[in-house]
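Here's the structure we're looking at; comments come further down.
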Number of protein chains: 2
Amino acid sequence: MSGPTIYDVAREAGVATSTVSRAFSNPNRVGATTRERVFAVAAELGYRPNPHARALLSGRHHTVAMVVSDITNPHYFELIRGAEQRAKASEYTLVLVNVEESPRVEWDQVQRLVPAVDGFVLAASRLPDENLRQVAGQRPVVLISRELPDLASVVLDHVEGCRRVVEHLASLGHRDLVYLAGPRNSWMAATRWSALQAATEENGLTARRIGPFTPKVAQGPAAADGALNAGATAVVAHNDLLAIGVLQRLAQRGVRVPEDVSVVGFDNIFAADLCTPGLTTLGGVHADVGRVAMELLLDAAAPAGRPEEQPRVVLPTELVLRGSTGPVRAP
Amino acid sequence: MSGPTIYDVAREAGVATSTVSRAFSNPNRVGATTRERVFAVAAELGYRPNPHARALLSGRHHTVAMVVSDITNPHYFELIRGAEQRAKASEYTLVLVNVEESPRVEWDQVQRLVPAVDGFVLAASRLPDENLRQVAGQRPVVLISRELPDLASVVLDHVEGCRRVVEHLASLGHRDLVYLAGPRNSWMAATRWSALQAATEENGLTARRIGPFTPKVAQGPAAADGALNAGATAVVAHNDLLAIGVLQRLAQRGVRVPEDVSVVGFDNIFAADLCTPGLTTLGGVHADVGRVAMELLLDAAAPAGRPEEQPRVVLPTELVLRGSTGPVRAP
DNA sequence: GACCTGGTGGCAAGGGGTTGCCAAACGGTT
DNA sequence: AACCGTTTGGCAACCCCTTGCCACCAGGTC
């Protein structure tokens with residue numbers, strides 16, 4: 001069934017199995033001529049080292065897992081793409097797990113994979129802090145869109161980003177904003193809210209929060225109705241999906257955007273510039289986020305062992321202005 | 001570093017390692033009381049079977065790979081989601097590989113993974129037929145959006161679907177359509193083109209083809225300009241991304257849709273109903289495609305061995321009418 | 001009491017590769 | 001010719017788990 005082994009190669013090349021093994025894993029431990037013959041025979045036989053046998057002994061699998069909380073959110077595609085690219089570049093295999101916003105599923109899947117992978121990239125993990133620490137005790141972990149002391153993480157700079165959002169709205173004359181909150185167990189949701197609060201205070205605006213909402217288009221109507229009911233002039237949605245749902249509902253109810261209400265999202269997903277009006281949103285280079293996270297993970301998983309201090313990378317955001325924000329309507 | 005082994009469990013429980021092994025992999029081969037004690041000790045020690053040691057002997061890894069040709073296309077998200085869900089349900093691990101439209105990368109990655117996975121789902125593979133057969137000789141393979149005799153596949157019914165597209169355009173008075181072709185090595189592109197040809201002939205229309213185009217938004221302008229130059233009244237783009245790019249370019253050039261030109265896409269991606277006007281497109285339940293493909297693969301990879309005949313599943317399409325198609329302009 | 005039967009559990013041999021340790025081979029010294 | 005240091009390659013143990021085969025034991029039969 002499976003292909004030839006080092007034994008076949010060794011026999012064929014007239015050397016010991018250990019020599020074949022070393023020719024592949026530690027080339028300068030074996031003479032040049034011998035090595036060449038081994039390679040030649042291996043190529044001829046179509047030999048490929050069995051990664052499992054290798055992993056068995058070394059405990060290193062050249063495999064990492066990426067866990068995302070909602071694979072249908074286009075935002076994650078970019079993260080995945082960046083991470084996958086980086087992993088591939090180092091010949092690491094990427095295992096993808098979608099946990100559909102469920103901490104329970106996330107925990108089960110991570111535990112199932114612990115013995116099979118060298119590390120985890122957890123994107124927008126919904127696990128409680130102590131579970132994250134547990135996982136980190138078992139394998140190297142890099143968080144995306146979440147921070148925790150002593151764990152490596154990559155996040156976009158939402159403090160700065162939210163300030164830009166608030167300043168933008170303030171410059172348009174808005175005095176009050178309503179934040180449509182993301183899931184309760186989302187670190188990002190909490191971070192955005194406190195960053196918005198800080199920035200509004202700084203700029204003399206008020207901020208209110210309603211929700212939490214599952215950040216999907218389908219939740220848009222509920223969120224939009226809530227915002228209208230609160231008399232909002234400016235709405236900041238937890239992410240673009242929710243914002244798009246809000247836009248749709250507002251249009252349906254005859255509320256004009258941005259004349260009556262301004263709407264801001266987060267992530268700058270693919271669809272954000274296609275909807276009507278285009279969505280003003282706080283973006284960033286998400287593929288880079290994925291790439292950097294994977295890079296940190298590969299470093300941590302490297303034979304050298306993980307460094308003592310866990311890096312915390314903060315990447316810049318970018319406020320993308322489109323048609324969904326405009327001057328506040330005359331009172 | 002790694003956790004306890006069956007030896008630890010065996011010692012602690014006062015039984016032989018083989019008993020521990022059997023307690024897990026073949027429970028009714030060992031007495032109830034012994035089994036309970038083994039489980040208790042295992043739980044206490046936090047024992048987890050090492051999947052690699054297991055795979056080494058059985059040759060089965062409980063891991064499958066999914067290869068997609070462009071992970072940034074929202075269309076694939078749904079495929080991935082369906083496949084991931086199905087794999088998870090059977091406790092299979094899903095390895096994701098993005099090959100960025102490159103047959104070379106696809107081949108390298110697949111070969112790299114052959115010894116590590118139980119099978120492959122190849123979505124829109126760009127590999128030549130003979131390479132696909134080679135892979136199928138090494139591991140079970142299920143194709144998505146591609147057919148090949150003797151290989152299992154799951155596709156949407158594009159013959160029927162294209163007929164619906166053509167009938168729709170014909171009913172609006174169009175007498176001629178221009179197909180903006182997908183990549184040269186895309187089976188889907190060839191299939192759509194021949195299905196469109198057949199359907200146009202059947203309905204007394206003419207069809208022309210320009211391209212090929214890489215099916216991304218960025219290629220839209222070139223495609224749109226080509227279509228306008230050809231004097232098209234109805235444009236059928238290889239997929240929604242290209243169609244969206246076309247819509248943008250047409251708007252930019254002041255060409256009205258659908259008054260001057262009708263545009264149709266394929267896939268019904270997330271953004272198709274957000275653009276302006278909404279995109280008429282041939283959709284289908286892509287998550288089901290992924291799910292079914294994974295199901296076939298798991299069947300084929302099952303211990304029973306693969307069945308002799310390779311299933312070819314054809315799922316229904318659905319023509320989604322939106323604003324981008326309308327009556328042909330008066331001549 | 002001798003014999004059989006079915007149910008349990010242990011022994012030991014892998015499965016494919018890695019690696020510590022040792023020995024042979026080789027070229028050069030004195 | 002005896003001696004020495006350095007490569008280079010081989011032996012065998014080990015990684016963790018599975019499984020064919022055999023031994024054992026309790027209970028049932030005649």
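By convention in this document, chain letters (A, B, ...) are assigned in the order of the sequence lines, proteins followed by strands, and residues within each chain are numbered from 1.
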- Message: Side chain of S25(B) only, heavy atoms from C-beta on: which candidate in dT8(D), dT18(D), dC16(D) is closest?
- Response: dT18(D)
- Message: From C-beta outward on N50(A), which listed nucleotide comes closest to its side chain: dG10(C), dG15(C), dG16(C)?
- Response: dG16(C)
- Query: Looking across every strand, which nucleic acid part, if any, lies under 4.0 Å from V20(A) by heavy atom: base, sugar-phosphate, or nothing?
  - Reply: nothing
- Message: How many whole angstroms separate atom CG of D8(A) from atom P of dG15(C)?
- Response: 11 Å
- Message: Between R54(B) and dC16(D), is there a contact of a side-chain N or O with OP1 or OP2 at under 4.0 Å?
- Response: no
- Note on the structure: note: L56(B), atom CG; dT18(C), atom P; distance rounded to Å ~ 12 Å
- Task: Could you walk me through whether Y47(A) and F24(A) pass ring pair (Phe, Tyr, Trp, His ring centres under 6.0 Å), step by step?
- Result: CA-CA 11 Å; Y47(A) 165 77; F24(A) 281 97; 5.3 Å; yes
- Task: Measure the distance from CD1 on I6(B) to P on dC15(D) and round it to the nearest whole Å.
- Result: 12 Å
- Task: Choose from dG17(C), dC15(D), dG10(D) the nucleotide whose nearest atom is closest to any side-chain atom of S18(A).
- Result: dG10(D)
- Task: Kindly point out which of dG17(C), dG10(D), dC16(D) is positioned nearest to the side chain of Y7(B)?
- Result: dC16(D)
- Query: Which is true for T19(B) with a 4.0 Å heavy-atom rule: it touches a base, it touches only sugar-phosphate, or it touches nothing?
  - Reply: sugar-phosphate
- Value in whole Å for how far the C1' atom of dC16(D) lies from NE2 of H52(B): 11 Å
- Task: For the pair R35(B) (side chain) and A23(B) (backbone), establish whether a donor and an acceptor sit closer than 3.5 Å, ignoring hydrogens and angles.
- Result: no
- Checking side chain to side chain contact (heavy atoms under 4.5 Å, CB included) for the pair I71(A)/V68(A): CA distance, chi angles, key distance, verdict? CA-CA 6 Å; I71(A) 201 177; V68(A) 300; 4.2 Å; yes
- Report the nucleotide, chosen from dC17(D), dT18(C), dG16(C), that has the shortest atom-to-atom distance to any side-chain atom of A53(B). dC17(D)
- Residues Y92(B), L298(B); criterion side chain to side chain contact (heavy atoms under 4.5 Å, CB included); working and verdict: CA-CA 9 Å; Y92(B) 266 71; L298(B) 297 185; 3.7 Å; yes
- Item | Closest-nucleotide ordering on DNA chain D, the 5'-leading residue of P49(B) and R22(A) | R22(A)
- Message: Nearest to the Y47(A) side chain among dG17(C), dT18(D), dT8(C), which nucleotide is it?
- Response: dG17(C)
- Message: How many whole angstroms separate atom CG of L57(B) from atom P of dC15(D)?
- Response: 17 Å
- Query: Which is true for S21(A) with a 4.0 Å heavy-atom rule: it touches a base, it touches only sugar-phosphate, or it touches nothing?
  - Reply: base
- Task: Apply the test side chain to side chain contact (heavy atoms under 4.5 Å, CB included) to residues Q138(A) and Q111(A): give CA-CA distance (whole Å), side-chain angles for both, the deciding distance (0.1 Å), then the verdict.
- Result: CA-CA 9 Å; Q138(A) 307 178 87; Q111(A) 287 306 309; 2.8 Å; yes
- Message: Without decimals, in angstroms, what is the distance between R11(A) CZ and dG16(C) C1'?
- Response: 14 Å
